[in-house]
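Data block below; observations after.
Lettering of chains follows the sequences in order, A, B, ..., and the numbering in each one begins at 1.
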There are 2 protein chains.
Amino acid sequence: MNTQTRYSISDLAREFDITTRSIRFYEDQGLLSPERRGQTRIYSRQDRVRLKLILRGKRLGFSLTECGELFELWDHSNSGSELQLRLMLTRITEKRQALEQQLRDIAMMQQELDGAENRCSEALNALTAAQNAAKATQK
Amino acid sequence: MNTQTRYSISDLAREFDITTRSIRFYEDQGLLSPERRGQTRIYSRQDRVRLKLILRGKRLGFSLTECGELFELWDHSNSGSELQLRLMLTRITEKRQALEQQLRDIAMMQQELDGAENRCSEALNALTAAQNAAKATQK
DNA sequence: AATCAAGTTTACGTGAACGTAAACATCCTT
DNA sequence: AAGGATGTTTACGTTCACGTAAACTTGATT
């Protein structure tokens, strides 16, 4: 079971296949704030989730700053003044629209890949057909 | 109708809301190769499509080098040796898997946004409810 | 006690993707 | 012909996201 509750920096580095340098850098940027036992950083399950979110954001081409904005949305979404909350809702909508644009982009790129794949395997068929023909004549 | 067949560099810059510097930079990186009339660059419809693909790739977090790889897939997908073609098919598969990962990432992030939005509007409801209660007591 | 792995801070280096500025050529208009 | 819009090359500057190296502390192991 996933009963682990605390992680060292190299635990996380290993699990997500990144360097400890990166993890400390994310902390520098204010995206993580693990506990300290003396000098040593100790990461909670929440920290681990944050890290996972950071990496997911990066895979989607978001900058670290944008990831931080998403955390703000997440963290303060049940507090704040009415104006704050309204502002947050519009920002959530913006992010959502960006994601929908990405979905469209992915769909189109998948079509391009389909096209390339088809032409590719057709060319391959043509080649092997030619080879078979050559073999047949050789006999 | 979209009958235009040639574009200046600033035509494209305006249309896609990027600088001419970027367009020339993409050319430096081998992603574009427009005709020349003397010194001046003239972009065809194909060039325009390429540019559109570059920007789409960028929105998906691909580097310019990766965009270039995708163009290779597209351009040479109907020529080359058998080995070349097989290699290309595996690379197409790789790209497709990357896109599928992105789809999963987007789905999860949309869920997070849903959660944030819900908590956000609940907090907002609580606030306005409190305000109404205050008004009522004031009467 | 010694050493060794794992962690730390500090600081400079790096590649990608442009921005910005200078100095110049071309063409069109007035 | 003088100016302005649009284009060009060349080259140095900048931001982001780390990499790399040095010099140090701390805790566990032999």
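Taking atom CD1 of B/Ile23 as the reference point, atom P of C/dA17 lies 16 Å away to the nearest angstrom. Rounded to whole Å, atom C1' of C/dA17 lies 17 Å from atom CZ of B/Phe62. With rounding to whole Å, B/Asp28 atom CG is found 16 Å from C/dG15 atom C1'.
Contacts of A/Thr65 with the nucleic acid, taken as non-hydrogen atoms under 4.0 Å apart, are absent.
For DNA chain D, the outermost nucleotides in 5' to 3' order that have an atom under 4.0 Å from a heavy atom of chain A are D/dA17 to D/dT20.
Side-chain contact check for B/Lys95 versus B/Glu66: some heavy-atom pair is nearer than 4.5 Å.
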What nitrogen or oxygen pairs link the protein and nucleotides 5-9 of chain C at under 3.5 Å?
residue	atom	partner	partner atom	Å
C/dG7	OP1	A/Ser8	OG	3.3
C/dG7	OP1	A/Ser10	OG	2.3
C/dG7	OP2	A/Ser10	OG	2.9
C/dT8	OP1	A/Arg41	N	2.7
C/dT8	OP1	A/Arg41	NH1	3.1
C/dT8	OP2	A/Arg24	NE	3.1
C/dT8	OP2	A/Arg24	NH2	2.9
C/dT8	O5'	A/Arg41	NH1	3.1
C/dT9	OP1	A/Arg36	NH1	3.4
C/dT9	OP1	A/Arg36	NH2	2.9
C/dT9	OP2	A/Arg41	NH1	2.9
C/dT9	OP2	A/Arg41	NH2	2.8

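Between B/Arg86 and B/Glu82 there is a salt bridge, with a side-chain nitrogen of the basic residue lying less than 4.0 Å from a carboxylate oxygen of the acidic one. Salt bridge A/Arg6/A/Asp47: absent, no basic N to carboxylate O contact under 4.0 Å.
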Q. Under the side chain to side chain contact (heavy atoms under 4.5 Å, CB included) criterion, do A/Leu51 and A/Leu31 qualify, and how do the steps go?
A. CA-CA 8 Å; A/Leu51 183 52; A/Leu31 300 180; over 6 Å; no
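In this structure, a donor-acceptor pair under 3.5 Å is absent between the side chains of A/Thr93 and A/Thr90. Side chains of A/Gln101 and A/Asp105: a donor on one and an acceptor on the other come within 3.5 Å.
Between B/Glu27 and the choices B/Arg50, B/Arg41, B/Arg21, the salt bridge (charged side-chain N to carboxylate O under 4.0 Å, His left out) rule is met once, by B/Arg41.
Between the CD atom in A/Glu117 and the OG atom in B/Ser77 there is a gap of 10.5 Å [rounded to 0.5 Å].
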